[in-house]
Amino acid sequence: MREHLVRIVSADNRLEVAGAVGSGEEALEALDPMAPDVISMDVRLPGMDGLETTRRIMARRPTPIVMVSAIEPGTMNLMMEALKAGALSVAPKPPAESHEDHQSMAEQLCTQLAIMSDVAVVRQVPSKAQPELRPTTCQRGEYRVLGIAASTGGPNALMQVLSGIGDDYPLPILVVQHMEASFIEGFGAWLGEVTGFRVVIVHGRLEMRPGTVYLGAPDRHLLTDGRYAWAGDGEPVVGQRPSATVLFSSMASSVAAQGVGVLLTGMGEDGGEGLRNLRLAGGYTVAEDRSTAVVYGMPAAAVKLGAVCETLPLSQVATRLLSLVRRQSEE
């Protein structure tokens, strides 16, 4: 498999193979001499596993890491924990060259590696004293639905936001996370374990409940009418299905000013148009600030469109979401 990946990466003119090693221990030894711009790593390795290797790389020489692995029993939790430890994304192993999906999956992997190679990964030390949240011009009202969307760097960001608001949050929470379809079920299980929320993968039509997270099904859009959530099979939007723009637009047309939309870290432009629709309908919209976003692509697109009430560092997003529902309960 290592030789297979070397052939794939070497064939892409955007990338150059700095080296290929067979274990986490070897990777740590080669880290400084090779000084890679991006690392492709399996979660299952002989000796030290990919999770521990990720932790040590991020502690010694923070480097963008893409976990490339097959879906096997026990691997999903390790991959998600590797994302929590600092890896940027997960990708499936490309199949053999004889497989009909080989070329497309190889291209997707190389594109992901090329994009990740430009991400500046740093150790971020949270400030002990958080400044007070600034008042905004967006209308505050009685909210019914919270929608959150993310892409690259999203699993860790989602974990922080959901853990911050607590599993007794009084609104149903709709989540779009851009991720390879085969990883979604495992991601949902992991997200529930680390946050305490009940996480439901939306395949059909479900009545929403407060304090429940509804995750977009693999390769299906996630929509709502304020009472129900369901999966849609419309065309991809800016190459994404599920699409954040589809979710936020459905909130704009149904709950309008009673919707809260949050756009977290991610590459690309998905979500900007939908968040603008929600803001124009009177909803409250937030984008993650450049200072904490792993990839400031999706939030930047939303800001450029004038789609956000405010931008906040990740550590303040949960605080804002709690303040919105506390305000309406006090009123």
Side-chain angles (χ1 to χ4, degrees), residues 54 58 62 64-67 79-91 112 115-116 119-127 130 133 146-167 169 173-180 183-184 186-197 199 213-216 222 240 242-244 247-248 260-272 274-275 285-303 307-308 310-322:
T54 296
M58 299 310 291
I65 297 173
V66 176
M67 305 303 296
M79 281 192 290
M80 293 300 110
E81 288 298 314
L83 291 175
K84 181 179 176 182
L88 292 186
S89 64
V90 295
Q112 197 166 160
I115 291 171
M116 298 306 162
V119 175
V121 181
V122 296
R123 299 184 189 91
Q124 294 183 354
V125 180
S127 171
Q130 295 291 344
L133 295 176
L146 168 61
I148 309 177
S151 183
T152 310
N156 194 37
L158 283 166
M159 179 196 69
Q160 292 187 53
V161 171
L162 293 175
S163 297
I165 63 176
D167 60 7
Y169 197 71
I173 304 162
L174 300 168
V175 172
V176 165
Q177 167 65 53
H178 296 166
M179 183 176 285
E180 171 65 32
F183 294 143
I184 290 294
F187 168 64
W190 173 83
L191 193 62
E193 288 177 9
V194 297
T195 65
F197 275 92
V199 178
V213 173
Y214 298 91
L215 189 63
L222 178 63
Q240 301 294 340
S243 160
L247 170 61
F248 292 142
V260 180
V262 178
L263 194 57
L264 301 174
T265 173
M267 59 184 174
E269 299 182 350
D270 185 33
L275 208 64
T285 57
V286 177
E288 184 177 354
D289 188 74
R290 181 192 298 270
S291 63
T292 60
V294 173
V295 180
Y296 191 59
M298 287 162 51
V303 170
V308 303
E310 61 182 334
T311 61
L312 294 172
L314 184 61
S315 61
Q316 292 190 16
V317 172
T319 304
R320 173 59 80 208
L321 296 179
L322 287 170

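Only this structure's heavy atoms are used, side chains among them; waters, hydrogens and symmetry mates stay out. Quick caveat, the model's predicted, so the values are computed rather than measured.
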State the NZ-CD distance between Lys84 and Gln160, to the nearest 0.5 angstrom. 9.5 Å

Would you please name every residue forming a side-chain contact (heavy atoms from CB on, under 4.5 Å) with Ala85, sequence neighbours left out? Leu51, Thr54, Arg55

Separation between CG of Leu215 and CD1 of Ile173, rounded to the nearest 0.5 Å: 12.0 Å

If only atom types and distance count, is the side chain of Gln177 paired as donor or acceptor with the main-chain N or O of Ser151 below 3.5 Å? yes

Going by side-chain contact (heavy atoms from CB on, under 4.5 Å), name the residues that satisfy it together with Ile115, two or more places apart in sequence or in a different chain. Thr111, Met267

State, yes or no, whether a side-chain contact exists between Met159 and Met80 at a heavy-atom distance under 4.5 Å. no

Can you find a heavy atom in the side chain of Thr152 that is under 4.5 Å from one in the side chain of Met116? yes

Which of Leu174, Leu275, Ile148 passes side chain to side chain contact (heavy atoms under 4.5 Å, CB included) with Leu247? Answer is Leu174

Step-by-step side-chain contact (heavy atoms from CB on, under 4.5 Å) determination, Val199 to Glu193: CA-CA 9 Å; Val199 178; Glu193 288 177 9; over 6 Å; no

Say whether, by atom type as modelled, one donor and one acceptor occur between the side chain of Glu269 and the main chain of Ala301 under 3.5 angstrom. no

Quick one: are Asn156 and Leu83 in side-chain contact, heavy atoms under 4.5 Å? no

Counting distance only, does the side-chain N/O of Ser291 pair as donor-acceptor with the main-chain N or O of Pro313 below 3.5 Å? no

Quick one: CZ on Arg320 to CD1 on Ile165, what's the gap to the nearest 0.5 Å? 14.5 Å

Considering all heavy atoms, the nearest Ala307-Gly272 contact: CB-O, 3.6 Å

Any non-hydrogen side-chain atom of Tyr169 less than 4.5 Å from a side-chain atom of Leu321? yes

Minimum heavy-atom distance Ser163-Thr195, with the two atoms named: OG-CG2, 3.8 Å

Taking all atoms of both residues into account, what is the closest heavy-atom pair of Leu222 and Pro242, and its distance? N-CB, 4.3 Å

What residue among Val286, Val295, Leu314 forms side chain to side chain contact (heavy atoms under 4.5 Å, CB included) with Leu264? Leu314

Could you go through Phe187 and Met79, starting from their C-alpha distance and side-chain angles, then the distance that decides it, and tell me whether this counts as side-chain contact (heavy atoms from CB on, under 4.5 Å)? CA-CA 9 Å; Phe187 168 64; Met79 281 192 290; over 6 Å; no

Mind checking side-chain contact (heavy atoms from CB on, under 4.5 Å) for Glu180 and listing every partner two or more places apart, or none if nothing turns up? Pro92, Gln108, Ser182, Phe183

Which atom names give the shortest non-hydrogen contact between Val303 and Ala287, and what distance separates them? CG2-CB, 4.4 Å

Residue that, paired with Phe197, satisfies side chain to side chain contact (heavy atoms under 4.5 Å, CB included) out of Leu191, Val175, Asp167: Asp167

Beyond-backbone contact of Val262 with Val161, side-chain heavy atoms, under 4.5 angstrom: no

Are any side-chain N or O atoms of Thr265 and backbone N or O atoms of Val294, one a donor and one an acceptor, separated by less than 3.5 Å? yes

List the steps and the verdict of side-chain contact (heavy atoms from CB on, under 4.5 Å) for Phe248 and Thr285. CA-CA 10 Å; Phe248 292 142; Thr285 57; over 6 Å; no

Has the side chain of Asp270 got a donor or acceptor atom that lies under 3.5 Å from a matching backbone atom of Ser243? no

